[in-house]
There are 2 protein chains.
Amino acid sequence: MTARRDHEAAFDRVIELALVLNEDMSHGLGALGLTRSRTEVLWVLHHRGPSTQRILADAMGVSARNVTGLVDALVATGFVTREPHPTDRRAALVTLTEHGERTTAVLARDYAELARALFADMPAERFECFVAGLERVLAELRERVAAARG
Amino acid sequence: MTARRDHEAAFDRVIELALVLNEDMSHGLGALGLTRSRTEVLWVLHHRGPSTQRILADAMGVSARNVTGLVDALVATGFVTREPHPTDRRAALVTLTEHGERTTAVLARDYAELARALFADMPAERFECFVAGLERVLAELRERVAAARG
DNA sequence: TATTGTTATACTCTATAACTATA
DNA sequence: TATAGTTATAGAGTATAACAATA
């Protein structure tokens, strides 16, 4: 059955896509003095503004302890500040520094640029078809993950 | 410009695909008593047969020290054996145990089954178009990674 | 001399559990 | 009583450097 082999070959490509994408992104981060996890913290702050560590932990799906360590590292390297929360004295408020803001701006710009590089030259018809297939595959995978968790 | 926003939205999906795929695969591995890195070792052995640690390190793009630790763990959990190399007394030969063979067989089957689940219901036309788009995106990303390394 | 793999050391990400301070 | 965050402890992956045994 050729279809079966085609399906596996296509899946190989999907896996490779995930790997290559990961490698490409990690590369740029190293140059900025960041790791993937620390960047995720910055990304949440970029989108949601100053946040408590609890919010960061929930947004990232990670333990509170883990966030403590990530924020420690980001404070030490000047990307964020950790300050007392103005109204809840148990909580800390994590805020991007100016350096952090500049960095997330660069990340956002690079992200948009990569999206453009990947798709700008693609004929509209193929682009739409690709996105449709992507949605389909994503939906299937999301369902599997949800089932595994539920 | 709507195209620009569409490109970013599509790229968002690609990123999500990588994340969800990662999560789905990691889930099953935990149940088998494996991690991603250890599974990668098994996968190389499955495809290339008994191998020295040097070969494993090169195939995985990882340090020799790292492979020592991964193989230690896989030996301790009964997936592989580490034996003296028959002709080169410096080297160790890593081989799948019967348990390791059964495990890689299961992984291969699950892999094929997931590929089927993702694509079997997709109309041939859309499938082809999706694969074409995928190849395009992959080619672009491979080039970027190669450029970053070179 | 070059290569294989190990020991030594260190950093990052991650988790759970116990604890403090506050709500 | 419940929540926010830290300290304590542990395990996994990763790297470089120094070293042993062998090629």
Side-chain angles (χ1 to χ4, degrees), chain A residues 19 22-23 25-27 29-45 48 50-77 79-95 149, chain B residues 19 22-23 25-27 29-45 48 50-77 79-95 149:
Chain A
L19 293 177
N22 189 52
E23 188 172 346
M25 301 188 100
S26 300
H27 178 82
L29 298 184
L32 293 169
L34 286 170
T35 63
R36 278 193 72 82
S37 294
R38 292 176 195 177
T39 304
E40 201 181 342
V41 173
L42 298 190
W43 208 236
V44 175
L45 294 172
R48 307 168 70 137
S51 308
T52 65
Q53 296 188 182
R54 169 86 336 241
I55 287 175
L56 293 173
D58 290 344
M60 297 171 65
V62 107
S63 72
R65 177 60 185 93
N66 195 352
V67 170
T68 297
L70 295 172
V71 171
D72 283 350
L74 288 167
V75 169
T77 47
F79 289 95
V80 307
T81 58
R82 180 198 269 126
E83 282 165 3
H85 191 284
T87 66
D88 185 341
R89 291 201 305 180
R90 296 170 303 179
L93 198 61
V94 182
T95 307
R149 271 201 287 245
Chain B
L19 293 176
N22 189 52
E23 188 171 345
M25 302 189 99
S26 300
H27 178 81
L29 298 184
L32 293 170
L34 286 171
T35 63
R36 278 193 72 83
S37 294
R38 292 175 195 179
T39 303
E40 201 181 343
V41 173
L42 297 189
W43 209 236
V44 175
L45 294 173
R48 305 167 71 136
S51 308
T52 64
Q53 296 187 184
R54 170 89 332 245
I55 287 175
L56 293 172
D58 289 344
M60 297 172 64
V62 107
S63 71
R65 176 63 187 90
N66 196 352
V67 170
T68 297
L70 295 172
V71 171
D72 283 351
L74 288 168
V75 169
T77 47
F79 288 95
V80 307
T81 58
R82 180 197 269 128
E83 284 165 1
H85 190 285
T87 66
D88 184 341
R89 293 202 303 182
R90 295 169 304 180
L93 197 63
V94 182
T95 307
R149 271 201 285 245

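The structure displayed is predicted, hence computed values, not measured ones.
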Side-chain N,O (A/Arg82) to OP1/OP2 (D/dT6) below 4.0 Å: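 For D/dT6, OP1/OP2 do have a side-chain N/O of A/Arg82 under 4.0 Å.
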Does B/Arg38 place a side-chain N or O at less than 4.0 Å from the phosphate oxygens OP1/OP2 of D/dG13?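 Yes, B/Arg38 has a side-chain N/O under 4.0 Å of OP1/OP2 on D/dG13.
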Does any part of the side chain of [Y], heavy atoms only, come nearer than 4.5 Å to the side chain of [X], both counted from C-beta?
X	Y	value
A/Ser26	A/Arg36	yes
A/Thr52	A/Arg90	no
B/Leu45	B/Leu56	yes
A/Val41	A/Val67	no

Minimum heavy-atom separation for [X] to [Y], with atom names?
X	Y	answer
B/Leu70	B/Arg38	CD2-CG, 4.1 Å
A/Phe79	A/Leu32	CZ-O, 3.5 Å
A/Ala92	A/Arg82	CB-CG, 3.8 Å

So which protein nitrogen or oxygen atoms get under 3.5 Å of nucleotides 18-23 of chain C's nitrogens or oxygens?
from: C/dA23; atom 1: OP1; to: A/Arg89; atom 2: N; distance (Å): 2.8

Using whole Å, what does the distance between atom [atom2] of nucleotide [N] and atom [atom1] of [X] come to?
X	N	atom1	atom2	value
B/Gln53	D/dT22	CD	P	16 Å
A/Glu23	D/dT14	CD	P	13 Å
B/Leu56	C/dT6	CG	P	11 Å

What is the distance from atom CG of B/Asn66 to atom CE of B/Met60, rounded to the nearest 0.5 Å?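 Answer for the CG-CE pair, B/Asn66 versus B/Met60, is 6.5 Å.
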Residues touching DNA chain D, which here means a heavy atom under 4.0 Å, drawn from residues 30-37 of chain A: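 Result for residues 30-37 of chain A: none.
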Begin with the C-alpha distance, continue with both residues' side-chain angles, and end with the deciding distance and a verdict on side chain to side chain contact (heavy atoms under 4.5 Å, CB included) for B/Val80 and B/Leu42. CA-CA 8 Å; B/Val80 307; B/Leu42 297 189; 3.7 Å; yes
If you count heavy atoms of other groups shown closer than 6.0 angstrom to CZ of A/Arg48, is the number above 12?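 Open.
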In residues 61-71 of chain A, what residues come within less than 4.0 Å of DNA chain C, judged by heavy atoms?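 Of all residues in residues 61-71 of chain A, the ones placing a heavy atom under 4.0 Å from DNA chain C are A/Val62, A/Ser63, A/Arg65, A/Asn66, A/Leu70.
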With side chain to side chain contact (heavy atoms under 4.5 Å, CB included) as the test, would you mind laying out the steps for A/Leu34 and A/Leu74 before giving the verdict? CA-CA 9 Å; A/Leu34 286 170; A/Leu74 288 167; 3.9 Å; yes
